[in-house]
Amino acid sequence: MQYRRPGLDRLSHALLALCCLLFLLPVWLAFTASTHTLGALYSQTASLWFGEAGWDNYRHLLSGSFGGLGTDVLTLLINSTIMALGIAIGKIAISVLAAYAIVFFRFPFRRLCFWLIFITLMLPVEVRILPTFEVVADLGLLDSYAGLILPLIASATATFLMRQFFLTVPPELVEAARIDGAGPWRFLRDILLPLSKTNLAALFVIMFLYGWNQYLWPLLITNDADYLTIVVSLKRLLTSTDGLVPWQNVTTTAVLAMLPPVAVILLMQRYFVKGLVDSEK
Amino acid sequence: MAPQLGIVLVFFFWPALQAIEQAFYVEDAFGLSREFAGLANFEAVLSDATYYQALGTTLVFSLAVALGAMSIALLLAVMADRVIRGARVYRTLLVWPYAVAPAVAGVLWLFLFDPTLGLISSLLGNVGIDWDHKLNGAQALALVIMASVWKQMSYNFVFFLAALQALPKSLLEAAAIDRAGPWRRFWTIIFPLLSPTSFFLLVMNSVYAFFETFGTIDTVTSGGPGGATTTLVYKVYQDGFVGQDMGSSAAQSVLLMALVGGLTWFQFRYVERKVQY
Amino acid sequence: MATLRLNGIHKRYPNGITALHGIDLSVADGELIVVVGPSGCGKSTLLRTVAGLESISDGELMINEQRVNALEPAERDIAMVFQNYALYPHMSVFDNMAYALKNRGTPKDEIRRRVTDTARLLDLAELLDRRPRHLSGGQRQRVAMGRAIVREPQVFLFDEPLSNLDAKLRVQMRLEIRRLQKRLGITSVYVTHDQVEAMTLADRLVVMNGGHVEQCGTPMMLYAQPATRFVASFLGSPAMNFLPVTAHRDGVVLPNGVEVALPDMLSEGRAATLGIRPEHLVEATSMADAAAVLDVTVEMLEPLGADTLAYTRLPGLEEWLVVRLDGAHAAREGQRLSLAFAVAHCHVFDSQGARVPLAEPETQACQ
Ligand SMILES: Nc1ncnc2c1ncn2[C@@H]1O[C@H](COP(=O)(O)OP(=O)(O)OP(=O)(O)O)[C@@H](O)[C@H]1O
Ligand SMILES: [Mg+2]
């Protein structure tokens, strides 16, 4: 029933397409640069097309240590994957249990627990980075996967989302399950988790990205290259030499650092959008 | 329940309390002894000109990122919403920068603007603009802002598009019957109806600009040149981990916590109520 | 097969609300008891305490003369049908019906046999693989019934199971529930606020108000001899007419001075209420020994087909007097009518709302 305005529609399409291209530009340039040799890169301004090095940069970086990092990109990718999965799975497991307890059980100090957890919503890691670092150091968790993962699990976002979802489960469903003889664990396993499938998938995407893209925390607590993540390695690459920035290595690593999270978001876009938009409420 | 509480206590409350405690002590250079200093750390921070510079930078930076990312996203979302066919395709084409790490986004833009081989910096050179963010503080700030906007835009786009698609069609039809053109329809109906979403996004964008852009700043400028891109969060890191001044850094953390806590409280108490139509 | 007995059941919610003030009720084996009452009177609470979903604050709940106060819902061997059905949305119809049996460790082939038998009974055999959201309202209702039946429970509990259905389906399902309940002979408690449903389904009817049982007995007995003004007003549509009266030597007198001849039963001068059902007001010419004759003016007519409802006014009274006339009656608005009624159809309630017996009372306790 709205007035259709073909002119306006065409303009919209044109602008949208242009913006899509503009948004793609930095990535495209990085991608083409990653197929050039260092010499070719510095002989001209950045080329919009592929260079003669082909996959050589990738092969080289994935197979051996380079650029003063003391490790290869494959290790970095593995570390990032472990960290991202650890954070995503850990957060989800913990927040499902916490939200389950908060929503479905009455126990002493329930409100207090609720508030303790939800205050953490307010303050991201970045604010309390220094003291958290000391705690982790005191616990001897520097340069370890546990040190990378555990402090970041202590956020309340996922708990909050799960709680919001659990609150929408009709109480009669819980009662029907009780009458049908399902205890608390069985209810969680047979009814609640299957019902939350979409939400869990959405949460997984968001938390995986969150974990993969962490920067400050891993930067602080990893000295040992064996625990370095790929995102953090970029800064070291940029500053590793006093001379020219090794852009062919930097862009190659950047492309590799983008691939997994971008793949996740594109494959699971539906859940991601749902998870994001639902979290607003 | 218990595991979450444990983690929250160990990694959240313990650190927070330690920060508060530490803020009241000075340590010697080797961290061997420390003594109670009362409010001295806070006084030092609050009488330090660089702290106010960082505060100013944070405000400019946050405002620019939030407004930039939101207005572009709103424009694109409105267009994607009206083309009917293809809205989902455009969403796919625009959503992915969200998945790119802030540090990676920084690297991509750093490459575009590299003074020797960057594509855009050389284009700018052709029109007579000398680009060197390593020396020019304003250019450095602009570069960090662009990289941050680029990444954050997709987040806002997803929300605006969802909000637009959820608007009651009957309202727009009623407006069309009342002979309101697209422009009037947008400002008198759509925009006011989007205010809760916009407010929510304003909050989320500020949080993003405050904290998550750390990676962008660190890779692109490391807070320089001359502190031109040092935000409050970056300063906590710099003073504490690079400068090893734990007392000052802790005092800054506490101030930051208070600031964020106060803002959150303010949002919930005043602003959110007003935006509900 | 089971009996159910409630002895002085009290329910206080943690927030201080007392929803049940001592309910006594006993349900015989295979009996269908319907509990009716206005919204908030505690019907659901009563059902939920029986189910074990709410704890009992005081009193005793016996199933088969065994005290079950402390048992979990699943251990009480009851089944419940909820108003919104509460089907598990992610399970097929088959799995919904089988879930309780699985949880009890019933062998697989026995589960299959019982579910398919029940499905056949309820006309669900074609739908066993579907998810609840792909079913119509009536089909969902039947699945909810099936989930209860397949367990072969001691007691069935229904909480307004039909109120989410449209009027036509409701009538159809009402008949079906009645048929199934009789056929399976399972002791049942059925909660509704629809009085037609209540009257048609019940072996015995329990009328609740404010956490108390007002009266219980067969539907016809409650209709003919309501024990309180509340029960009288609650059952019957349109509701009973109530007129304020004062006790008199030979009966009662209306505010406009009309005397109604009734057996002596109240001390003179006391205020009371006289109740007459719309269908018991007839034209004076067709009645010989009327208790009184009322001259009224018709103000409004509502033709229903078989009957016509006349809303009339008695000079000197504020209340409407509703009369059920024959559908063929040629009444017009503004017309004057002379209405009469028999002593046998008079209900008198004292100022507390309790029935004042005119003849020897037949009483029937809930126990
Ligand atoms: N969980 C609860 N906590 C506190 N009070 C409750 C709770 N459930 C019900 N009540 C109160 O108990 C009283 C009886 O409620 P109940 O749900 O049993 O009424 P009902 O007769 O089923 O009404 P309806 O016809 O509306 O379903 C009401 O005053 C209600 O507010
Ligand atoms: Mg109820």
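By convention in this document, chain letters (A, B, ...) are assigned in the order of the sequence lines, proteins followed by strands, and residues within each chain are numbered from 1.
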Is [X] close to chain B through its backbone or its side chain, or both, or neither, when contacts mean heavy atoms under 4.5 Å?
X: A/I265; value: side chain
X: A/W212; value: neither
X: A/I230; value: neither
X: A/Y100; value: neither

On a heavy-atom basis, which atom in [X] and which in [Y] lie closest, and how many Å separate them?
X: A/P261; Y: B/A99; value: CB-O, 3.3 Å
X: B/F111; Y: A/A33; value: CZ-CB, 3.4 Å
X: A/F23; Y: B/W150; value: O-NE1, 3.0 Å

> Rounded to the nearest 0.5 Å, how far apart are CD1 of B/I120 and CG of A/L25?
Replying inline: 6.0 Å

> Which value, rounded to the nearest 0.5 Å, describes the distance between B/L93 atom CG and A/L24 atom CG?
Replying inline: 8.5 Å

Given that the side chain runs from C-beta out, which part of [X] has a heavy atom under 4.5 Å from chain A: side chain, backbone, both or neither?
X: B/W96; result: both
X: B/L76; result: both
X: B/M204; result: neither

> What residues form a side-chain contact (heavy atoms from CB on, under 4.5 Å) with B/P102, not counting sequence neighbours?
Replying inline: A/N213, B/K151, B/T216

>> What verdict does the side chain to side chain contact (heavy atoms under 4.5 Å, CB included) test give for B/L110 and A/V250, after you've listed the backbone C-alpha separation in whole Å, the side-chain angles of each residue and the deciding distance to 0.1 Å?
In response: CA-CA 11 Å; B/L110 194 59; A/V250 176; over 6 Å; no

>> Let's go through A/H13 and B/Y90 carefully: what are the C-alpha distance in whole Å and the side-chain angles of both, what is the deciding distance for side chain to side chain contact (heavy atoms under 4.5 Å, CB included) to 0.1 Å, and is it a yes or a no?
In response: CA-CA 9 Å; A/H13 274 300; B/Y90 286 122; 2.8 Å; yes

>> Set out, in order, the CA-CA distance, both residues' side-chain angles and the distance that settles side chain to side chain contact (heavy atoms under 4.5 Å, CB included) for A/L216 and B/Y237, then state yes or no.
In response: CA-CA 9 Å; A/L216 178 53; B/Y237 160 79; 3.7 Å; yes

>> Using side chain to side chain contact (heavy atoms under 4.5 Å, CB included), reason through A/W28 and B/L108 one step at a time and then give a plain yes or no.
In response: CA-CA 10 Å; A/W28 177 254; B/L108 297 178; over 6 Å; no

